[in-house]
Structure formats: C-alpha cells, structure tokens
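In what follows, a single structure is set out as structure tokens and then discussed.
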Amino acid sequence: MLVNKKEKLQYRKKQLVQFFKSRRGKLAVAACAAVLVLAVGIHTWNRGSLARTGLELCRQGDYVEAQTSFKNAVIADNMNPDNYINLGIACLGSKEYEDAKKQFQLALNLDEENQEAYRGLGIAAYQTGDYETAIEYLNRALDYSGISIGKMEYDILWYRADAEKALEDYEAAAATYGALLELEGDTAFIRYCRGSMYCRLGDKEHAMEDFDAAVKKKGNGYDLFWNIYDSMEQAGWEDEATAYLKLTEQPGYVDSDAAGSEDEICKYQGMIEYICGNYEKAIERLSSVTLEKDNKAQEYLALAYEMNGDSGKALSIYLEQAGADDADADDYNRIARYFIRCGQGQQAVTYLEQGIRSFPKSDLQDLYYNMVTAYESYGAYDEASDALKQYVSLYGEDEAAEHEQAFLKERLR
C-alpha cells in the first residue's frame with residue numbers, strides 16, 4: 001500500500017513511462033502528434049482563407065464585407081502586420097480614413113519598417129487633404145523600398161506627385177515625374193504630366209519639349225492633345241496650345257487604335273474644330289444624335305452655335321443642361337456666362353444666385369467671381385463691389401480679384 005503522496009506520484013510516473021515505452025503508448029503519442037499538426041494546419045489555413053476572402057471582396061469593390069474578413073483574420077492572428085494592412089486598405093476603399101490610419105499604425109507597431117504601412121498612412125493623409133503629412137509618409141515608404149524597384153514604388157511616387165501638385169509645389173512634382181520617367185520608362189502620359197507642371201511654372205521651353213515627346217509616341221489619342229491644349233491655354237500660351245490641336249489633322253499624330261470610339265473621335269474632332277474657329281464643322285460633328293447626352297459635347301455645340309450666330313439654339317442647350325436632374329454648379333455658371341456675353345447681366349445674376357443656393361457644397365469660386373462681372377455688365381458697380389468683397393473673403397485676393405478692384409476703383413470715383 002502507498003502510504004503518502006510522494007510515493008503515489010512516483011508510482012504514477014513509473015506507470016506512464018512503462019506505457020509510453022509500450023507499442024500501444026507509442027501509437028497514442030503518434031496519434032496525438034497528428035491531431036496537433038492537423039489542428040495547427042487548419043488554424044493556419046483558416047487565417048489564410050480569411051485573408052484571401054477579404055482580398056477577393058476588395059477586388060470586387062465590396063470593402064465593407066472585406067473589412068469583416070480582415071477583422072476576423074486579425075482575431076485569428078493579431079501579430080501579423082499584413083492583417084492590419086489589409087484591413088487598412090479596406091477602410092481606405094470605404095473612405096473610412098481615420099480607421100485606416102489606426103490599422104496602418106498598428107501594423108507599424110509590429111513592424112516599424114513596413115513599407116506598405118507607411119504607404120497606407122500617406123494615402124490616408126492625402127485623401128483627408130493633409131498633403132504635407134502625406135508626402136512625409138510616402139517618403140518614409142520609399143526609404144524602405146529595398147534594392148529592387150517595383151509597382152509599389154511607382155504607386156508611391158504617383159501619390160507623392162499628386163500631393164505636391166495639391167500643395168502647388170510644381171517644381172517638386174516635376175522632379176517626381178522625372179523620377180518616374182527614369183524608373184517606369186519614357187511614356188507619353190508621364191511626359192504630359194511633367195509638361196503640365198512646367199506650364200504651371202511658366203517654363204514654356206521644357207513644357208513643349210515634353211509635349212513634343214509625348215505626341216510623337218505611338219498610342220496617343222485625341223485626349224492627349226486636348227489635355228496639352230488645356231495646360232498651355234491655362235498658362236496663357238493660346239497660339240502654341242492651338243498649334244498642338246492642329247497636329248491632329250496631320251497623318252500619324254493620332255493613333256487609330258488609341259483614338260477611342262467613333263463617338264469620342266467625333267466629340268474631340270468637333271471640339272478641336274471649335275477651338276480652331278471652324279464653327280460650322282464643329283456643329284456638324286457635335287450634332288451627332290449619339291452625343292446628345294454628352295455634357296462636354298453639348299457645351300461645345302452650344303458655343304459653336306453661339307459663335308455661328310444662332311443664339312437661340314445655344315440658349316436651348318444651356319437651358320436644358322441647367323434644368324436636367326443631374327445639373328451641377330457648372331451648368332448654372334455656363335448659362336450665366338452666356339447671358340453676360342449677351343449683355344443680359346440681370347438674368348445672369350439670377351442663375352448665379354440659384355447655383356450658389358442649390359450647390360452649397362460644390363466649388364463655387366467661378367460663380368462668385370462671375371457675380372462680380374455680371375453686375376459690372378449692366379453698370380451695377382456698388383453691387384459688383386459688394387460681390388467682390390464677398391469673393392475676396394472666401395477665396396482671397398488673387399490676380400482676377402486685383403484686376404476687378406482696379407476696374408471698380410475707376411468706376412466708383
């Protein structure tokens with residue numbers, strides 16, 4: 001008989017040793033090990049399955065459901081930074097930027113050199129308008145790019161260029177596009193992007209050098225020429241801007257494979273004819289039945305009618321656009337400018353006031369500025385002065401405001 005606890009434990013230990021040495025014991029140990037391996041494998045597979053499901057949902061654009069999968073992946077393994085990064089990306093997709101920042105920061109807590117986490121923080125900061133912080137995080141992401149340069153680095157540079165443009169640091173943006181040219185290759189789009197920055201800097205020589213290189217590359221459609229025109233026209237180089245549009249009439253400058261659908265070709269050709277002063281040809285191309293619901297085509301068709309002396313048809317288009325269910329502030333601005341050009345400033349004021357009331361969350365800078373010119377058009381200079389003060393209080397004293405101040409100073413003496 002075992003008389004004390006110590007003797008009982010020794011006896012039990014001896015029994016276990018004898019059991020594990022036996023054939024039956026060895027089989028039991030092997031079975032337990034197999035069950036343990038299987039359990040670990042199933043757990044690992046479940047974690048991977050959750051991540052795969054979330055990534056597939058992201059590809060489908062279902063970011064809310066993707067978040068559920070990634071949250072479960074975090075619960076299954078809260079020490080894997082990839083799970084937090086995936087959840088942060090899903091939050092970015094659903095525009096939950098503050099939640100996205102939290103997830104990317106949690107990833108950095110686990111891996112302080114994680115490039116994707118810094119990239120995610122940079123994108124979240126960019127989307128919330130904090131461009132300086134965005135650039136800081138994106139630069140940190142580039143610091144951890146390693147030896148090889150791939151899609152991640154290109155993506156980071158594109159976001160950095162966008163943030164630099166938003167800060168109006170056009171010199172920095174041009175340099176970033178230059179880096180992309182070296183890393184990604186000499187593409188027409190990057191050349192256009194850098195050229196547009198040179199336009200903002202007033203550097204015509206380098207702008208035209210990039211634009212010339214862009215239009216000579218295969219794969220260029222009408223949209224490239226139109227974008228070049230826009231950039232140069234905004235820089236005040238109207239003659240050079242129009243010259244690029246005229247290149248589209250020369251063989252070999254517009255690649256047929258990249259020109260777009262017949263409707264797009266018709267639209268761009270009509271808009272180009274308008275800019276070049278060929279109003280009847282513009283009307284002919286833009287009057288296509290298939291372009292009736294294309295707002296840009298209709299805008300230029302109205303302008304072509306107006307310049308061709310058919311104000312009635314022009315007005316009917318402007319009225320239709322302003323009265324549409326999907327009308328926006330720009331539609332009210334266009335019809336107001338039409339009335340200003342026609343010397344009907346009071347009518348213009350009515351539409352400008354309607355636009356400001358109807359779209360309070362839109363960019364209304366043009367409407368407020370045109371309110372000044374509308375009052376001036378029929379001699380209401382006191383009202384124009386008040387409207388200018390409101391414009392300056394909202395948008396600051398830009399070059400246009402200074403011009404109007406000088407004009408009104410003369411009129412109000």
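Just the heavy atoms: all of them, side chains too, but no hydrogens, waters or symmetry mates, feed the values below. This chain uses plain numbering: 1 for the first residue, then up along the sequence.
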Apply side chain to side chain contact (heavy atoms under 4.5 Å, CB included) to residues Ile190 and Glu184 and explain how you reach the verdict. CA-CA 9 Å; Ile190 299 176; Glu184 196 167 344; 4.1 Å; yes

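- Residue pairs meeting the salt bridge (charged side-chain N to carboxylate O under 4.0 Å, His left out) criterion with at least one member in residues 190-199, sequence neighbours excluded: Asp186-Arg191, Arg191-Asp210, Arg194-Asp210.
- Put simply, the side chain of Tyr375 does not reach to within 4.5 Å of the side chain of Asp386, judged on heavy atoms.
- Distance CG/Asp328 to CD/Gln321: 9.0 Å, rounded to 0.5 Å.
- Checked by atom type and distance alone, the side chain of Tyr395 pairs as donor or acceptor with a backbone atom of Gln365 at under 3.5 Å.
- Distance check, rounded to the nearest 0.5 Å: CD of Glu320 to CG of Asp331 gives 10.5 Å.
- For Glu399, the CD atom is loosely surrounded, since the number of other residues' heavy atoms within 6.0 Å does not exceed 12.
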Fill in: Full working for side chain to side chain contact (heavy atoms under 4.5 Å, CB included) between Asp263 and Asp294
CA-CA 10 Å; Asp263 287 346; Asp294 188 307; over 6 Å; no

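- With a 4.5 Å cut-off on side-chain heavy atoms, Thr373 and Glu404 count as touching.
- Taking all atoms of both residues into account, the shortest heavy-atom contact from Gly88 to Phe104 is C-CZ, 3.4 Å.
- Counting heavy atoms from C-beta on, the side chains of Ile85 and Ile89 come closer than 4.5 Å.
- Identified under the side-chain hydrogen bond (donor to acceptor under 3.5 Å, both in side chains) test for residues 245-255, with sequence neighbours left out: Lys218-Asp255.
- Of all non-hydrogen atoms in Ala336 and Ala348, the two that sit nearest each other are O-CB, 3.4 Å.
- A side-chain donor-acceptor contact under 3.5 Å links Ser231 to the backbone of Asn227.
- The CG atom of Leu157 sits 12.0 Å away from atom CE of Met152, with the distance rounded to the nearest 0.5 Å.
- The side-chain hydrogen bond (donor to acceptor under 3.5 Å, both in side chains) with Lys101 is formed by just one residue from the set Glu98, Gln103, Gln105; it is Glu98.
- Sorted by first and then second residue, the ring-ring contact (aromatic ring centres under 6.0 Å, His included) pairs with a member in residues 172-201 read Trp158-Tyr177, Trp158-Phe189, Tyr198-His206; sequence neighbours excluded.
- Between Arg357 and Glu353 the shortest side-chain heavy-atom distance falls below 4.5 Å.
- More than 12 heavy-atom neighbours from other residues, nucleotides or ligands sit within 6.0 angstrom of CD on Glu402.
- Applying the salt bridge (charged side-chain N to carboxylate O under 4.0 Å, His left out) definition to pairs two or more places apart or across chains, those involving residues 157-176 are Arg160-Glu164, Asp162-Lys165.
- Residues satisfying the side-chain hydrogen bond (donor to acceptor under 3.5 Å, both in side chains) criterion with Thr133, sequence neighbours excluded, are Asp130.
- In this structure the side chain of Phe339 reaches within 4.5 angstrom of the side chain of Leu315, judged on heavy atoms.
- Using a 4.5 Å heavy-atom cutoff, the side chains of Glu264 and Tyr222 are not in contact.
- When all heavy atoms of Ser145 and Gln115 are compared, the pair lying nearest together is CA-NE2, 3.4 Å.
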Derivation and outcome, side chain to side chain contact (heavy atoms under 4.5 Å, CB included), residues Thr242 and Ile275:
CA-CA 7 Å; Thr242 303; Ile275 296 298; 4.0 Å; yes

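- Contact check for Phe211 versus Tyr229: no side-chain heavy atoms found under the 4.5 Å cut-off.
- The side-chain hydrogen bond (donor to acceptor under 3.5 Å, both in side chains) check on Asp310 picks up nothing, with sequence neighbours excluded.
- Applying the ring-ring contact (aromatic ring centres under 6.0 Å, His included) criterion to Tyr369, with sequence neighbours excluded, gives Tyr391.
- Rounded to the nearest 0.5 Å, atoms CG (Asn220) and CG (Leu247) are 11.0 Å apart.
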Glu299 vs Asp330, test: side chain to side chain contact (heavy atoms under 4.5 Å, CB included). Steps then yes/no. CA-CA 11 Å; Glu299 176 187 347; Asp330 288 338; over 6 Å; no

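- For Tyr118, the ring-ring contact (aromatic ring centres under 6.0 Å, His included) partners at least two apart in sequence or on another chain are Tyr144.
- Not one N or O on the side chain of Ser385 forms a donor-acceptor pair closer than 3.5 Å with the backbone of Asp382.
- Of the charged side-chain nitrogens involved, at least one lies within less than 4.0 Å of a carboxylate oxygen, so that Glu306 and Arg341 count as a salt-bridged pair.
- Nearest heavy-atom pair across Ala163 and Ile135 is CB-CG1, 3.7 Å.
- Nearest heavy atom pair, residue Met232 against residue Ala241, reads CB-CB, 3.7 Å.
- Among residues two or more places apart in sequence or in another chain, the side-chain hydrogen bond (donor to acceptor under 3.5 Å, both in side chains) test is passed with Tyr170 by Arg200.
- For the atom pair Ile283 CD1 and Leu303 CG, the distance stands at 10.5 Å (nearest 0.5 Å).
- By the 6.0 Å contact criterion, CZ on Phe225 is enclosed, its count of non-hydrogen atoms from other residues, nucleotides or ligands being greater than 12.
- Here salt bridge (charged side-chain N to carboxylate O under 4.0 Å, His left out) pairs that include residues 232-242, with residues two or more places apart or in two chains, are Lys204-Glu240.
- Of all heavy-atom pairs spanning Asn114 and Pro81, the tightest one is ND2-CB, 4.1 Å.
- Between Leu121 and Leu108, some side-chain heavy-atom pair lies under the 4.5 Å cut-off.
- Looking only at distances, a side-chain donor or acceptor of Ser196 sits under 3.5 Å from a matching main-chain atom of Cys193.
- Heavy-atom contacts from other residues, nucleotides or ligands closer than 6.0 Å to NZ of Lys217 number more than 12.
- In this structure, CD on Glu397 lies 8.0 Å from CG on Leu388, to the nearest 0.5 angstrom.
- Residue pairs that meet the ring-ring contact (aromatic ring centres under 6.0 Å, His included) test with at least one member in residues 292-332, sequence neighbours left out, are Trp226-Tyr300, Tyr274-Tyr300, Tyr318-Tyr338, Tyr332-Phe359.
- Formation of a donor-acceptor pair under 3.5 Å by the Asn370 side chain with backbone atoms of Arg337 is not found in this model.
- One N or O on the side chain of Thr128 and one on the backbone of Ala125 form a donor-acceptor pair closer than 3.5 Å.
- Residues satisfying the side-chain hydrogen bond (donor to acceptor under 3.5 Å, both in side chains) test with Asn308, not counting sequence neighbours, are none.
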